[in-house]
Visitor: 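Let me give you the structure first, and then I'll get to my questions.
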Amino acid sequence: MTCSDPRPQYDTLEDYPVYPYADLGVTYTPASTTFKLWSPAAQDARVKLYADDQPGTSAHATLDMKEVDRAWTATLPEDLDGTYYTFQIKRNGRWLAEATDPYARAVGTNGLRGQIVDLFDTDPPGWANDHRPAMGLPTDAVIYELHVRDFSIDPESGIRNKGKFLGLTERGTTTPAGDTTGLSHLIELGVTHVHLLPSFDFLSLDESRPDSAQYNWGYDPQNYNVPEGSYSTDPADGKVRIREFKQMVKALHDAGIRVIMDVVYNHTGSTDNSNFQLLVPDYFYRFQEDGTFSNASGCGNEIASERPMVRKYIRESLEYWVDEYHVDGFRFDLMGIHDIATMNDISETLRSIDPTILLYGEGWTAGDSPLKESLRAIKANTSSLIQIAAFSDDLRDALKGSVFEHEERGFVSGADDLAESVRFGIVGATPHPQIDYDSINYSDSPWAPEPTQCVNYVSCHDNHTLWDRLEISNPRDPAWLRERMQRLALATVLTSQGIPFLHAGTEFLRSKGGDENSYKSSDEVNAIRWSGKREHADTYHYVRDLIALRKAHPAFRMGKSALIARHLTFTESDSDDGQLISYRIQDAPGDQWSDIFVVLNGDPATRRIELPAGSWRQVVDGAKVDPTGLQRSPSEGETEVAGVSANVFVRQVSR
């Protein structure tokens with residue numbers, strides 16, 4: 001402590017005091033607004049107030065902040081609803097650049113200034129009565145991953161608010177040919193959860209040019225507690241994007257669909273001039289020994305989630321999205337960058353609000369991190385995570401081949417050495433006495449204690465779409481055969497014991513023209529082409545009916561590893577057959593089908609299989625799903641299954 005600066009000086013970032021309250025940022029009432037900023041690094045701090053959000057305009061008022069109880073604080077006894085503001089700190093005797101409040105709940109165009117708003121004005125009609133659709137175990141979910149803009153931007157979508165949050169509120173939209181699109185399509189398809197690619201305010205799009213040709217997935221966070229302005233009808237008015245996001249959530253809830261946000265707390269879109277770095281220098285980031293930013297995200301920096309105030313920030317941000325926006329779950333981008341303790345703190349906090357909130361993430365990093373591997377929320381450490389799931393890259397690449405080797409084939413496309421990895425995915429990466437863990441592609445042991453902690457998928461926004469990948473790996477195969485491969489892959493995901501996850505448009509063979517990394521490609525590449533729903537109607541109906549089958553039959557989603565080990569038995573006779581997998585589910589709790597026999601044939605040739613004794617009816621083949629029984633249902637003994645097909649036979653016997 002010095003005479004010129006009576007504030008305490010801290011030797012390390014770890015010495016920074018924790019601010020214990022949940023009121024950082026702005027607290028608004030019509031009578032006054034209080035501003036609070038946590039920045040132990042600051043020698044001084046101030047708030048600047050603006051009448052608009054236009055860069056270059058001057059502040060009409062500056063408020064000096066005083067440090068009170070570990071936070072810089074200022075209060076103005078006026079009604080500031082609609083006023084824009086920034087924070088600024090002095091460090092080492094000079095004022096740093098102005099920055100947006102990291103806790104801002106509303107911002108103007110491009111997120112360059114926070115905005116003070118009365119949040120009660122942002123609630124759409126009926127918001128107080130909005131409720132989460134009923135939900136059981138996580139394995140009851142069928143997740144559908146979409147990008148807000150992709151879903152409606154197609155000129156043939158029939159959706160008025162193209163590329164906007166409001167595009168997901170419109171019912172009754174159709175293509176010119178009369179096929180349902182948008183929200184009505186989601187209802188018809190039967191998914192339980194919509195997973196939105198990043199929909200918080202991100203950096204890469206210029207919101208002042210909403211009609212220009214610009215695109216991004218949004219994995220470059222700018223303001224974590226604010227919806228993205230380019231998806232709103234008026235980015236300048238902070239209330240509009242908030243209200244329209246809520247309208248979207250309510251419309252999905254009214255349709256019986258829950259909402260999951262893809263969140264990117266592992267890094268920020270900018271580094272040296274990020275809001276965190278300008279207001280609390282160095283605290284929010286990890287660094288290498290040479291003093292440079294560590295980069296496990298592959299995007300220039302990584303967040304130090306293990307620090308108390310970073311952990312608190314992430315937790316409070318997620319709580320805010322749950323409380324204010326009624327969000328039902330979160331997917332964590334590069335979750336392996338986060339520490340286990342932070343993820344468990346998040347899980348326990350959010351589940352105390354609602355135990356059915358769904359949490360899952362990528363159990364890996366994009367590069368090395370200073371955080372010890374034993375402390376990371378990676379797939380191998382899933383057993384240390386509390387009710388948080390990880391994506392199964394084991395099943396993904398077993399079905400279609402490695403995402404890193406584009407011409408490599410998978411079980412559905414001709415490989416004969418990946419069947420055991422598919423079996424591992426079928427049991428949701430849980431312990432099972434019949435799995436040979438020495439033969440799994442990426443894992444040498446079960447990493448999911450329960451199937452509720454395994455997300456099964458074959459494609460997502462990353463890498464090639466499934467259709468494009470099959471075209472690359474199997475260029476000489478006819479399109480009709482590759483379509484069968486796609487059906488087999490999706491059928492495997494939808495009948496397996498983890499949490500099924502579908503990439504938007506995969507139900508009608510979505511293509512991006514071979515673009516592997518379309519994060520900033522044009523609408524021409526990324527838009528869902530709704531005409532594909534009619535062109536590939538057979539596959540669409542197949543996926544729709546498989547979803548209905550899964551939802552109707554608990555046998556495909558038992559939810560407990562002990563139940564899977566007890567009731568699901570693989571056929572030993574095909575254990576050495578690299579292109580055939582069969583298993584039996586007997587007496588699954590709560591299922592009207594007491595005996596289910598599943599056969600997955602990755603071989604292009606028709607195969608003869610031996611049905612267990614009894615009278616069976618076939619309800620799924622490679623082209624159709626019919627719970628009442630397909631016409632070609634066998635009675636017993638040997639039967640044929642078509643090449644590259646999923647097949648389900650059932651018996652209903654007295655218990």
Side-chain angles (χ1 to χ4, degrees), residues 105 119-120 122-146 148 151 165-171 182-200 225 227 231 241-263 314-332 343 346-361 386-389 450 452-453 455 498-502 504 547-548 550-552 554 557 559:
R105 295 181 171 184
L119 284 170
F120 287 111
T122 68
D123 291 348
W127 187 244
N129 297 317
D130 177 64
H131 299 291
R132 305 183 199 284
M135 182 65 194
L137 291 173
T139 43
D140 295 337
V142 179
I143 302 170
Y144 189 86
E145 181 204 47
L146 65 85
V148 170
F151 202 60
F165 293 131
L166 292 181
L168 275 158
T169 69
E170 300 176 29
R171 290 205 192 196
L183 178 57
S184 293
H185 171 79
L186 295 174
I187 297 169
E188 184 182 273
L189 186 59
V191 298
T192 67
H193 290 67
V194 160
H195 163 146
L196 300 172
L197 262 67
S199 297
F200 49 70
N225 297 322
Y231 298 155
R241 63 176 81 188
I242 297 171
R243 185 181 303 112
E244 291 176 351
F245 190 101
K246 290 178 177 178
Q247 287 176 261
M248 173 188 65
V249 171
K250 186 175 187 305
L252 286 162
H253 282 178
D254 289 347
I257 299 171
R258 289 189 168 211
V259 179
I260 294 169
M261 284 185 66
D262 195 329
V263 289
I314 298 172
R315 182 185 68 241
E316 289 179 355
S317 176
L318 293 165
E319 284 183 276
Y320 177 66
W321 283 104
V322 171
D323 290 337
E324 185 65 32
Y325 290 95
H326 303 178
V327 170
D328 308 293
F330 301 94
R331 176 267 195 189
F332 293 85
M343 292 304 304
I346 289 166
S347 180
E348 292 181 319
T349 299
L350 297 185
R351 291 178 191 282
S352 71
I353 300 172
D354 187 328
T356 64
I357 285 173
L358 191 58
L359 304 175
Y360 58 97
I386 300 172
Q387 298 185 71
I388 301 170
E450 300 292 347
T452 53
Q453 290 184 265
V455 176
I499 303 168
F501 174 104
L502 303 174
I547 291 171
R550 180 183 181 87
K551 291 167 73 173
R557 44 186 174 85

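Everything quoted here is computed from the prediction, not taken from an experiment.
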Visitor: Identify which one of Tyr144, Phe501, Phe332 satisfies the ring pair (Phe, Tyr, Trp, His ring centres under 6.0 Å) criterion when paired with His195.
Guide: Phe501
Visitor: Do the side chains of His253 and Val249 get nearer than 4.5 Å, heavy atoms only?
Guide: yes
Visitor: How many angstroms lie between CD1 in Ile346 and CZ in Phe330, if you round to the nearest 0.5 Å?
Guide: 9.5 Å
Visitor: Which residues pass the salt bridge (Lys or Arg N to Asp or Glu O under 4.0 Å) test with Glu316, not counting sequence neighbours?
Guide: Lys312
Visitor: Is a donor on one side and an acceptor on the other found under 3.5 Å between the side chain of Thr169 and the backbone of Leu166?
Guide: yes
Visitor: What residues form a side chain to side chain contact (heavy atoms under 4.5 Å, CB included) with Ser347, not counting sequence neighbours?
Guide: Arg351, Leu359, Ile386, Gln387, Ile388
Visitor: Can you name the nearest heavy-atom pair linking Leu168 to Met248, along with the distance?
Guide: CD1-SD, 3.7 Å
Visitor: Would Arg557 and Leu137 count as a side chain to side chain contact (heavy atoms under 4.5 Å, CB included) if you check the C-alpha gap in whole Å, the side-chain angles of each, and the deciding distance to 0.1 Å?
Guide: CA-CA 9 Å; Arg557 44 186 174 85; Leu137 291 173; over 6 Å; no
Visitor: In the structure I gave you, are the side-chain heavy atoms of Pro227 and Tyr325 within less than 4.5 Å of one another anywhere?
Guide: yes
Visitor: Donor-acceptor pair, distance only, cut-off 3.5 Å: does the side chain of Ser352 make one with the backbone of Thr349?
Guide: yes
Visitor: With no hydrogens and no angle check, is any side-chain donor or acceptor of Arg258 less than 3.5 Å from a backbone partner on Thr192?
Guide: no
Visitor: Any salt bridge (Lys or Arg N to Asp or Glu O under 4.0 Å) pairs touching residues 122-135, not counting sequence neighbours?
Guide: Asp123-Lys246, Arg132-Asp328, Arg132-Asp354
Visitor: Is any side-chain heavy atom of Trp127 less than 4.5 Å from a side-chain heavy atom of His326?
Guide: yes
Visitor: Between Arg331 and Ile260 (side chain of the first, backbone of the second, donor and acceptor by atom type, cut-off under 3.5 Å), is there such a pair?
Guide: no
Visitor: Where do Leu146 and Ala504 come nearest, in terms of heavy atoms and distance?
Guide: CB-CB, 3.8 Å
Visitor: Quick check against the 3.5 Å criterion: does Lys250 have a side-chain atom that pairs as donor or acceptor with the backbone of Pro124?
Guide: no
Visitor: Taking all atoms of both residues into account, what is the closest heavy-atom pair of Leu183 and Ala251, and its distance?
Guide: CD2-O, 4.1 Å
Visitor: Report the distance from atom CZ of Phe200 to atom CG of Asp262, rounding to the nearest 0.5 Å.
Guide: 7.0 Å
Visitor: Check side chain to side chain donor-acceptor pair (under 3.5 Å) between Glu188 and all other residues, then give those that pass, not counting sequence neighbours.
Guide: Thr180, Lys533, Tyr540
Visitor: Output, in order, the C-alpha distance, side-chain angles, deciding distance and verdict of side chain to side chain contact (heavy atoms under 4.5 Å, CB included) for Glu319 and Ile353.
Guide: CA-CA 8 Å; Glu319 284 183 276; Ile353 300 172; 4.2 Å; yes
Visitor: If we only count heavy atoms from C-beta on, is the Ile143 to Val191 side-chain gap below 4.5 Å?
Guide: no
Visitor: For the residue pair Trp321 and Asn225, what are the closest heavy atoms and their distance?
Guide: CZ2-C, 3.8 Å
Visitor: To the closest 0.5 Å, what do you measure between CG (Leu358) and CG (Leu350)?
Guide: 11.5 Å
Visitor: Residues two or more places apart in sequence or in another chain: which of them pass side chain to side chain donor-acceptor pair (under 3.5 Å) with Arg243?
Guide: none
Visitor: Does any part of the side chain of Thr122, heavy atoms only, come nearer than 4.5 Å to the side chain of Phe245, both counted from C-beta?
Guide: no
Visitor: Taking C-beta and beyond as the side chain, do Ile357 and Val327 meet within less than 4.5 Å on heavy atoms?
Guide: no
Visitor: Any non-hydrogen side-chain atom of Thr139 less than 4.5 Å from a side-chain atom of Ile499?
Guide: yes
Visitor: Walk me through it: do Glu324 and Arg105 pass the test side chain to side chain contact (heavy atoms under 4.5 Å, CB included)?
Guide: CA-CA 10 Å; Glu324 185 65 32; Arg105 295 181 171 184; 5.6 Å; no
Visitor: Can you name the salt bridge (Lys or Arg N to Asp or Glu O under 4.0 Å) partners of Arg241, sequence neighbours left out?
Guide: Asp201, Glu207
Visitor: Please test Leu502 against Glu145 for side chain to side chain contact (heavy atoms under 4.5 Å, CB included), starting from the C-alpha separation and ending with a verdict.
Guide: CA-CA 6 Å; Leu502 303 174; Glu145 181 204 47; over 6 Å; no
Visitor: If you look at every heavy atom in Gly256 and Pro133, which pair is closest and at what distance?
Guide: C-CG, 3.6 Å
Visitor: Give the minimum heavy-atom separation between Ser199 and Val148, together with the two atoms involved.
Guide: OG-CG2, 3.8 Å
Visitor: Any non-hydrogen side-chain atom of Arg550 less than 4.5 Å from a side-chain atom of Val142?
Guide: yes
